[in-house]
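Here the structure is laid out as structure tokens; the discussion comes afterwards.
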Amino acid sequence: MISMVLDEGLAVASTPDSENGPAALKRSLLITIDGPAGAGKTTVSRRLAARLGYRYIDTGALYRGLAYAVKTAGVDYRDADALTKLFDDTHLRFRSASDGVHLLLNGVDITAHIRTPEMTMLASAVSAEAAARRFLLDLQRGMGAEKKAVFEGRDMGTIVFPEADVKFFLDAAAAVRAYRRYLETAGEGRQTLADVTADMHKRDQNDTRRKLAPLKPAEDAVRIDATGMDVEAVVAAMMAVIAEKCGA
Ligand code: DC
């Protein structure tokens with residue numbers, strides 16, 4: 001088994017930064033935010049967690065960490081036995097630093113390497129493999145045991161936390177998602193908008209069509225289309241839903 005240790009680094013817990021958080025704070029909630037790439041999940045999840053004083057858990061980073069382990073070991077991710085063997089000797093952990101959360105693979109900081117276009121696509125491929133999902137399922141559930149957390153991913157509300165207190169599915173028009181992602185990566189000079197759009201389309205297909213834990217909204221998820229909304233408007237909409245569920 002992969003041994004993955006998560007320290008407080010993953011938990012972007014903070015003092016609630018808003019006067020409109022108390023209703024939720026009276027209860028310990030577990031909140032899930034699922035959705036496709038580029039919908040704004042990460043920014044929204046961070047801000048929502050900060051507002052509530054909750055931990056923020058980026059589960060995509062965990063899959064990216066597994067992908068990096070696969071790549072550096074030179075293993076074919078479609079070879080189930082090789083994958084299991086690799087994971088027996090793999091240790092991943094998060095560590096908090098002044099500039100954010102870092103991901104360590106076997107003690108080496110791999111944070112700077114997991115956001116490349118190559119790792120993005122490999123994470124999507126590796127995430128369809130049973131060995132990867134099995135391990136991260138247990139890990140994520142352990143991390144959610146204490147609640148007071150916002151989990152961001154693809155299968156948080158459907159598979160990992162079917163009993164979550166509040167579930168969101170955040171989506172946006174494909175062209176908007178691709179353009180946002182392009183703006184995020186443009187400074188690195190790596191991909192054109194056409195390349196980002198093509199990769200995103202392929203990843204959407206991988207993530208929604210795979211057999212195991214495909215990306216889809218949970219039946220009881222509140223769906224938000226963020227196409228014409230800025231981050232603050234999305235967070236405000238989520239806070240309103242949370243307040244309502246808390247009976248505020
Ligand atoms: O959120 P992200 O782009 O960092 O995620 C990278 C890949 O990881 C994504 O294409 C699918 C996979 N993933 C997943 O299968 N389940 C999750 N809960 C989170 C991510």
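Indexing begins at 1, ligand by ligand and atom by atom, following the structure's order. When a residue number appears, it is its place in the shown sequence, counting from 1.
Residues Asp165 and Lys245 form no side-chain contact, since every pair of their non-hydrogen atoms from C-beta on lies 4.5 Å or further apart. The closest side-chain heavy-atom distance from Val234 to Thr43 is not below 4.5 Å.
Under the 4.5 Å side-chain heavy-atom criterion for grouping Ile, Leu, Val, Met, Phe, Trp and Tyr, Leu212 is not connected to Val160 through any hydrophobic cluster.
Remark: of the listed residues Asp155, Asp220, Asp34, Asp220 is the sole one forming a salt bridge (charged side-chain N to carboxylate O under 4.0 Å, His left out) with Lys167.
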Protein N/O near ligand 1 N/O, under 3.5 Å, which pairs?
from, atom 1, to, atom 2, distance (Å)
ligand 1, 1 (O), Arg154, NH1, 3.0
ligand 1, 3 (O), Arg64, NH2, 3.1
ligand 1, 3 (O), Arg154, NH2, 3.3
ligand 1, 3 (O), Arg203, NH1, 2.9
ligand 1, 4 (O), Arg64, NE, 2.7
ligand 1, 4 (O), Arg64, NH2, 3.4
ligand 1, 10 (O), Arg203, NH1, 2.8
ligand 1, 10 (O), Asp207, OD1, 3.4
ligand 1, 10 (O), Asp207, OD2, 2.9
ligand 1, 15 (O), Ser127, OG, 3.4
ligand 1, 15 (O), Arg133, NH1, 2.9
ligand 1, 15 (O), Arg133, NH2, 3.4
ligand 1, 15 (O), Arg210, NH1, 2.8
ligand 1, 15 (O), Arg210, NH2, 2.9
ligand 1, 16 (N), Arg133, NH2, 3.1
ligand 1, 18 (N), Thr59, OG1, 3.1
ligand 1, 18 (N), Arg154, N, 3.1
ligand 1, 18 (N), Asp155, OD1, 3.0

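With hydrogens and angles disregarded, no donor-acceptor distance shorter than 3.5 Å links the side chain of Arg55 to the backbone of Ala49.
A distance below 6.0 Å separates the ring centres of Phe151 and Phe161.
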